[in-house]
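Working notes for the structure below.
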Amino acid sequence: MTFEPTVAPDSRPIRVRIAPSPTGDPHVGTAYIGLLNYLFAKQRGGKFVLRIEDTDRTRFVATSEHMIFEALKWVGLTWDEGPDVGGPFGPYRQSERTEIYREHAEILLANGTAYRSFETAEELEAMRQQQIAAKTPPRYNGAHRHLTPAQIDAYLAEGRPYTIRLKVPENTSTTFTDELRTAITFDHNNVDDQVLLKSDGYPTYHLANVVDDHLMQITDVIRAEEWISSTPKHVLLYNAFGWDLPRFWHMPLLRNVDKSKISKRKNPVSLVFYQQSGYLPQAMLNFLGLLGGGMAQPTEAEIVSKGLNTKEGDIFSLPEMLEKFDFKRISLGGPVFDLVKLKWLNGEYLRKLTPDEFFAALRTTILSDDYVRAIAPLVQARMETLGQFGDMTSFFFSDNISPPESVWLPKKRTFEETVAFAAEQLTALEAATWDATSIESALKTLGEAKQWSVKENFMLLRAILTGSLTSPPLTESLVVFGKSRSLDRLRRFLETQKKLANQRK
RNA sequence: GUCCCCGUCGUCCAGUGGUUAGGACAUCGCCCUUUCACGGCGGUAACACGGGUUCGAAUCCCGUCGGGGACGCCA
């Protein structure tokens, strides 16, 4: 038996959404999928919805949501419905919809397509480790699938916490259509009994996304390829509720240079980083539009008639994308997020600005009053002439800082232990709130634990971030320079040293 | 390990049975130039492999190999 649920009729007005999770800095992948959804909706007279998926309270970052809004606006994307602008299908923040998910989980419990599972997270983790050790696929063993009503009542009476899991039908398979691919089939032996409602009462992505997409009347789910393998669970859920399916479009995943899924370790992924580093939003958007194809190359006739240079086939604006972008053209190989080409594109846009516009661009970003004002007090006491400002603060305005080993390597430390310690600094800073006292205590705590003196500790970081052993106060400088750029500089340093170390071997 | 997706220059894209396999970025060379950059001109560079189908395969089919993703009370 194969499930073949009905797909929503084509006549419904197009509605798409992006659903970022507020767990940190806004991600280039969010802008990429956002752009695609935006284009899809606008080309079809549809609505583009922004929904915040904040159901993981352990990873929740309070400042993140606002940063996501600002970053999307920065690249030029706007949404028709969302937590900030409202809309007829709100609330658009999942943490405000918990009651809805609970009710829907009850429906599944009642119709037998879901069940309660009383294992603890620790028990499940132990099971997973055993399975991995035994080289078998890590999967929930379905132990509580067949609990008798008496057992369930006993557990409930005990007040034992539980999750609600999807009861994936046995011995069948699910087939769904991906609009960019052929039909995709998953045997249910390979589909886990996914947790739908966590023991804290919050839904997992799977439940929340299906319920919300249905209630918000989403017609087309355009998301990253990493979701393909959980799509059968979603199809099963639509089925269990008796709902029509949206169309699924899985977009290729952005990649690091080594082709792995894009990650902050290997590539700057924060939109804040690009903004603060002086990339123009139109260049970023253009670059994202280039990845994965979608834009038809100009024909020879167009090149001749418009007097285009051949390279200008790669240069286009959002209105041009709206006009020409074709989803059926998207190529499925995961595109490398190539910083080199992004920089070239950005240079192209920079050169096209008028002198006044260029000046304005500098003054609103890298030379903004706010930025210079924040830097000024760090060097005032150290200066004898204003002319020394540049000497003391150049690292705030530089892209590439690569101190030689003679600068960053402490006298009494080896290369290996120092690089390892710098990696620890990165981890500590990633977890730190970005203010001077938090940074300082995070570093000191680490130094004490690893037996690094405050001097060695701070000097190392100073060298990595400023390229010098003489600089304005370190923690204050870090705060002004910004978390995303500071951490990126540290990551690049580590990558560079790793490569050098490999070359020596 | 299991399942799923993908596979054209180093990178991003063209190419959908008949092309000298095209463009962009990068790279190399030349020109312009006080330097660098910009700009101009030119070069190197790819159909992963093996079987089919066909008069003819980058294009269609199968297998192999390679890459990636998923396998969480993360999203």
Side-chain angles (χ1 to χ4, degrees), chain A residues 19-24 27 29-30 52-60 94 117-125 128 131-140 161-165 173 178 180-182 184-192 194-209 223-233 250 252-262 287 289-300 303 308-315 329-345 347-348 350-351:
Chain A
S21 188
T23 53
H27 198 277
T30 303
I52 293 293
E53 308 234 338
D54 55 348
T55 57
D56 183 351
R57 81 248 178 281
T58 60
R59 293 203 308 154
F60 180 75
Q94 291 187 328
S117 166
F118 295 85
E119 290 93 345
T120 64
E122 292 71 32
E123 287 167 350
L124 293 170
E125 183 55 28
R128 200 171 4 257
Q131 289 166 329
I132 290 169
K135 302 231 181 209
T136 57
R139 203 135 48 208
Y140 177 61
Y162 62 89
T163 63
I164 294 179
R165 285 181 183 270
S173 64
D178 180 291
L180 297 178
R181 300 171 177 77
T182 51
I184 298 173
T185 299
F186 282 82
D187 192 295
H188 286 181
N189 293 326
N190 298 315
V191 182
D192 213 350
Q194 182 65 49
V195 169
L196 301 176
L197 203 68
K198 307 178 222 175
S199 57
D200 65 2
Y202 281 85
T204 58
Y205 169 86
H206 307 280
L207 208 219
N209 136 77
R223 73 216 318 185
E225 194 180 355
E226 57 191 331
W227 291 109
I228 287 181
S229 51
S230 42
T231 303
K233 294 167 186 172
H250 290 99
L253 231 34
L254 265 22
R255 310 294 182 98
N256 297 312
V257 173
D258 67 3
K259 301 275 191 175
S260 56
K261 173 168 124 175
I262 196 166
F287 180 63
L290 225 35
L291 300 178
M295 280 296 277
Q297 288 194 158
T299 62
E300 249 172 83
I303 291 172
L308 294 179
N309 190 306
T310 46
K311 73 185 179 189
E312 297 190 59
D314 280 353
I315 301 176
R329 289 184 65 89
I330 287 176
S331 52
L332 267 10
V336 170
F337 192 91
D338 182 2
L339 248 0
V340 175
K341 187 144 186 179
L342 206 209
K343 276 189 186 159
W344 164 76
L345 244 188
E348 288 288 323
L350 245 21
R351 270 170 241 126

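Reminder, nothing fancy here: chain letters follow the sequence lines and each chain counts from 1.
Between B:U16 and B:G72, the distance separating the two C1' atoms is 41 Å to the nearest Å. For the C1' atom pair drawn from B:U34 and B:G67, the interatomic distance equals 50 Å after rounding to whole Å. A distance of about 23 Å separates the C1' atoms of B:G43 and B:U33, rounded to the whole Å. Annotation: B:A45 and B:G10 have their C1' atoms spaced 9 Å apart (nearest Å). Here the separation of B:G39 from B:A75, taken at their P atoms, is 46 Å to the nearest Å. Of the C1' atoms belonging to B:U19 and B:C28, the separation is 27 Å, rounded to the nearest Å. For the C1' atoms, the distance linking B:A46 with B:G22 amounts to 12 Å, nearest Å.
A close approach under 4.0 Å does occur between a side-chain nitrogen or oxygen of A:Lys311 and OP1 or OP2 of B:G39. OP1 or OP2 of B:G72 lies within a sub-4.0 Å distance of a side-chain N or O belonging to A:Arg128. Within the 4.0 Å cut-off from OP1 or OP2 of B:C5, not a single side-chain nitrogen or oxygen of A:Lys261 is found.
In the interface, the side chain of A:Arg139 is not paired with the base of B:C71 through any donor and acceptor atom under 3.5 Å apart. For B:A26, the base has no donor-acceptor partner in the side chain of A:Lys341 [N/O atoms by modelled type, under 3.5 angstrom]. In the interface, the side chain of A:Ser229 is not paired with the base of B:C4 through any donor and acceptor atom under 3.5 Å apart.
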I'd like a table of atom pairs between the protein and nucleotides 30-33 of chain B - only N or O on both sides, under 3.5 Å - with the distance next to each one.
none

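In this structure, the CG atom of A:Asn256 is 13 Å from the C1' atom of B:G69, given to the nearest Å. Rounding to whole angstrom units, CZ of residue A:Arg165 and C1' of B:C73 are separated by 8 Å. Whole-Å rounding puts the A:Ile228 CD1 to B:A75 C1' distance at 16 Å.
In summary, A:Asp192 and A:Arg165 do not engage in a salt bridge, as defined by a charged side-chain N under 4.0 Å from a carboxylate O. The pair A:Asp314-A:Lys311 does not count as a salt bridge, with every side-chain nitrogen at least 4.0 angstrom from each carboxylate oxygen. Ion pairing between a basic and an acidic side chain is recognised when a charged N comes within 4.0 Å of a carboxylate O; A:Asp338 and A:Lys341 show no such pairing.
Looking at heavy-atom distances under 4.0 Å, A:Ser260 makes contact with sugar-phosphate atoms alone, never a base. Heavy atoms of A:Gly292 sit under 4.0 angstrom from primed sugar atoms or phosphate atoms, though from no base atom. Counting any heavy atom pair closer than 4.0 Å across all strands shown, A:Gln94 reaches no nucleic acid atom. Among the heavy atoms of the strands lying under 4.0 Å from A:Thr120 is at least one base atom, whether or not backbone atoms are also near. A:Leu124 comes within 4.0 angstrom of a nucleotide base, judged by non-hydrogen atoms across all strands. Within the nucleic acid shown, A:Glu119 comes within 4.0 Å of at least one base atom, counting heavy atoms only. Contacts of A:Pro138 with the nucleic acid, taken as non-hydrogen atoms under 4.0 Å apart, include base atoms. In this structure, A:Ser331 reaches the sugar-phosphate backbone alone: every heavy-atom distance under 4.0 Å involves primed, P, OP1 or OP2 atoms, never a base.
Note that CG of A:Asn190 is 10.0 Å distant from NE2 of A:His188, once rounded to the nearest 0.5 Å.
Test A:Leu291, A:Val257, A:Asn256 against A:Phe337 for side chain to side chain contact (heavy atoms under 4.5 Å, CB included) and you get one pass: A:Leu291.
For RNA chain B, the neighbouring residues in residues 200-208 of chain A, judged by any heavy atom under 4.0 Å, are A:Pro203, A:Thr204, A:Tyr205.
Closest to the A:Lys135 side chain, of the nucleotides B:A75, B:C38, B:G1, is B:G1.
Comparing A:Asp56 and A:Val257, the nucleotide of RNA chain B nearest to each residue sits closer to the 5' end for A:Val257. Mapping A:Arg329 and A:Gln131 onto RNA chain B by nearest heavy atom places A:Arg329 closer to the 5' end of the strand.
Side chain of A:Asp54 to backbone of A:Gln94: a donor-acceptor contact under 3.5 angstrom is found.
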